[in-house]
Amino acid sequence: MHWAERTAANLAHRGSSHLVAAGITPSGEFHIGHIREILTCDMIVRGCRQAGLDTELLFIVDSMDPLRKVYSFLSPDYEKYIGRPLYQIPPPDENGIPILNSKKSYAEHFLNPFLDALKELGVELRLSWNHKEYKEGKFENASRIFLNNREEVARILTEVSGRPLEEDWWPYSPIGHDGSFDDITITGWEDPYVTWIDSNGKEGKSHIGKDEGKLPWRLDWPAKWDFHGVTCEPFGKDHAASGGSYATGRLLVEILGSKAPHPVPYEWIQLKGMGPMSSSANITVGPLEALEIVPPEILRYLIARNKPNRHIEFDTGGGLLEMADQYERLLATWNPDEPPGEDSTDRVKTAWDVDRAKISMSQTNPNSSINNFDSDAYVSFRHLSMVAQIRSDDQDVWKSLESSGLLEGQPNPTLIDRLNRMRNWINSEHFPDEYRIEISTELTAEAKTSFNEGDRKYLSTLQESLSSCEWKSAIINDHICNLARENGMDLRNAFIILYNIHLGRPHGPRLASVLAEIPRETVIHALENAINSLD
RNA sequence: GGGCCUGUAGCUUAGCCAGGUAGAGCGACGGACUUUUAAUCCGUUGGCCGGGGGUUCAAAUCCCCUCAGGCCCGCCA
């Protein structure tokens, strides 16, 4: 059984209606790790719905959380916003300088591109802005209960997390006169107000049913479980450690009279060769950049095929090509009408069923049938990577695909989108060098050893005919093949020689297509070089 | 110190939570095809399932111990 379906099966024991939640603090750019969190939720939701459970995905934006520090991508101007809620501070421009007159908040600034990405990935969700929930009093009940049970709450936190709390600790963080959570000393609790004094000695009070303060993280979380009715929540493995926030949360939520959601801890995902993803650390690669180069279904496949507790090393180089191959192969070979026979072992049956789920979970459209895939008309990722390099103009790409029978008429939006992403990939540093097509202008030493005096006639007759023929792929190919035959050469060997001469390696994409794309003089010149090298 | 996760073929891994003969992809190797060229097709190779012990008719799967790697216990998913 697929991991998402297994989770759904576990949830079915709990009830028939479910709320799967994801909570993310928009403190910086969203990244592939956040994608994993949301897609993990999304797949569980799909698994639940498939199992007949009424299920929804809730995306909680922790917009009430304060800015912790001036991150590396922010200018020192942000110093004054530290401690203030993320929904109340201005977004940074490309230099990290606050845009004071912006209509968007810091939180929205970072969230919006992420939401766009989720849409492309086919994720359906309901948004919950945490600051609005505070404003609307959703946290009032939980705040009151925690405040009234201050000792009990403190005891749980201390015992479970192993960290002693300050003597004057209160289960609430008020916002001071300056709009910041920092440097406030709580003086008392008089329902519905928490009274306090700021560092200047000025007193104040916060209504717990308004956005005049918030619960500390470890209390905020169970409070959300309680009033939203969260039944399942995936979270990073850091929260899963003993003494971590889930351990305290599951006890604290009982004080509120609720049950903790079914936990789904997940491992980190990182781009191969780069450190772990973090929205607050110094990252050198635009975190959502991965989305600009990978087709949505391949990204979904990456998450679908790896169980949450599996660490993912996302290879955006050659590994991407392999993963795309695997995905396409799975689509092309998995046949819903040919389940394993009765006499097959359980493993074989399970594998077949897990493959079914992987394909299904990878689709951006949750309702799309998984057997409507027409492999004959599908342009493979690998093929596209080649054509896109040879043809710089999109129209020429379509022509090329049409002539090879992979496209009829105009390309659909999906294919156009795939080409765009492919071009982004090719133009990025992620694209693997071994697949980069580069025309050799000089004869490499290795290329030189691939042919000898016996090939001179072939090369010179080829040079001669290519210098006058029509410069079209099919024609060029004719000359290459016909002349090789006339000279009694093995066709394969002729190609190896020519690849070495033109690309500096023994093989590559359809040679004639490549040659047709570059100037005739370049080709002739390369052949001349080769012939001269024999002298 | 406490805890979580991972360890299966050269590589990436499925199967583990309902014990029942170790599955796949890539790679490698061999073959087929020959206006064919990072292609396609067919085949072969390759695993004492990290190690040890236990439970069982039967263990990759359950239990205990152990080794190795990653991570958490300061609000970084």
Side-chain angles (χ1 to χ4, degrees), chain A residues 1-3 6-7 9-10 22-25 27-28 30-38 40 62 65-66 68-69 71 160-163 216-218 220-221 234-248 265-269 276-281 305-311 313 315 318-319 321-323 325-327 329-330 333 340 344-355 358 380 382-383 385-386 432 434-437 473-485 490-492 494-496 498-499 503 505-514:
Chain A
M1 198 181 255
H2 186 265
W3 61 263
R6 167 92 52 196
T7 303
N10 288 337
I24 299 180
T25 305
S27 58
F30 282 71
H31 52 66
I32 193 82
H34 294 119
I35 293 285
R36 180 174 208 180
E37 168 148 349
I38 301 289
T40 300
D62 287 321
D65 286 13
R68 292 285 163 201
K69 62 173 191 175
Y71 299 117
V160 178
S161 74
R163 291 194 76 238
W217 157 244
R218 280 178 185 257
D220 180 277
W221 203 18
F235 45 81
K237 60 174 177 180
D238 51 335
H239 295 304
S242 86
S245 43
Y246 182 77
T248 52
Y266 60 87
E267 258 284 356
W268 304 141
I269 176 172
M277 296 279 110
S278 163
S279 46
S280 46
R305 68 187 221 164
N306 286 290
K307 284 178 289 190
N309 63 8
R310 195 121 211 150
H311 171 86
E313 194 86 2
D315 184 352
L321 219 38
E322 273 166 39
M323 183 165 67
D325 276 349
Q326 271 187 45
Y327 171 71
R329 180 180 292 270
L330 190 60
T333 57
S344 332
T345 59
D346 283 353
R347 301 167 198 223
V348 173
K349 289 177 188 165
T350 306
W352 184 84
D353 190 55
V354 169
D355 281 345
K358 281 183 189 167
S380 77
R382 194 177 280 273
H383 186 69
S385 79
M386 176 187 89
E434 61 266 38
Y435 290 105
R436 219 175 263 291
I437 298 169
S473 171
I475 309 287
I476 296 171
N477 199 46
D478 279 350
H479 284 295
I480 293 174
C481 296
N482 291 337
L483 290 172
R485 275 207 189 128
D490 180 50
L491 207 45
R492 176 182 294 264
F495 272 102
I496 290 173
L498 294 176
Y499 273 105
L503 298 182
R505 61 174 79 166
H507 34 239
R510 285 172 179 269
L511 185 62
S513 309
V514 177

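Because only heavy atoms are used, hydrogens play no part in the values below, and waters and symmetry mates are left out as well, while side chains stay in. Quick caveat: nothing in here was measured; it's all calculated off a predicted structure.
- If you check B/U37, B/U35, B/C17 against the side chain of A/D478, the one that comes closest is B/U35.
- A sub-4.0 Å separation between OP1 or OP2 of B/G70 and a side-chain N or O of A/H311 is absent.
- Nearest nucleotide to the A/R492 side chain, out of B/C71, B/C26, B/C33: B/C33.
- Closest-nucleotide positions on RNA chain B for A/K237 and A/P509 were compared, and the one nearer the 5' end corresponds to A/P509.
- Here B/U37 sits opposite no nucleotide as a Watson-Crick or G-U wobble pair (both hydrogen-bonding atom distances under 3.5 Å).
- A/H34 places a side-chain N or O within donor-acceptor distance of the main-chain N or O of A/H31, the cut-off being under 3.5 Å.
- Separating the NE2 atom of A/H239 from the P atom of B/G74 is a distance of 12 Å, rounded to the nearest angstrom.
- Atom-to-atom, NZ of A/K349 to C1' of B/A18 comes out at 14 Å; the value is rounded to the nearest Å.
- For B/C4, the OP1/OP2 oxygens have no side-chain nitrogen or oxygen of A/N309 closer than 4.0 Å.
- Note: CD (A/Q326) to C1' (B/C11) measures 11 Å, nearest angstrom.
- A sub-4.0 Å separation between OP1 or OP2 of B/G15 and a side-chain N or O of A/K307 is present.
- Contact annotation: the side chain of A/D238 approaches that of A/W268 to within less than 4.5 Å [non-hydrogen atoms, C-beta and beyond].
- B/C71 is paired with B/G3 under the criterion used here, namely a Watson-Crick or G-U wobble arrangement in which both key atom distances are under 3.5 Å.
- Partners of A/R218 by side chain to side chain donor-acceptor pair (under 3.5 Å), not counting sequence neighbours, listed by chain and number: A/T248.
- Across the strands present, B/G47 finds no partner; the criterion is a Watson-Crick or G-U wobble pair with both atom distances under 3.5 angstrom.
- The nearest whole Å value for the distance from the CZ atom in A/R305 to the P atom in B/U12 is 12 Å.
- Nucleotide B/U56 has no partner under the Watson-Crick or G-U criteria, as no pair reaches both atom distances under 3.5 Å.
- Summarising the base pairing, B/A22 is matched to no nucleotide, lacking a Watson-Crick or G-U wobble pair whose two defining distances lie under 3.5 Å.
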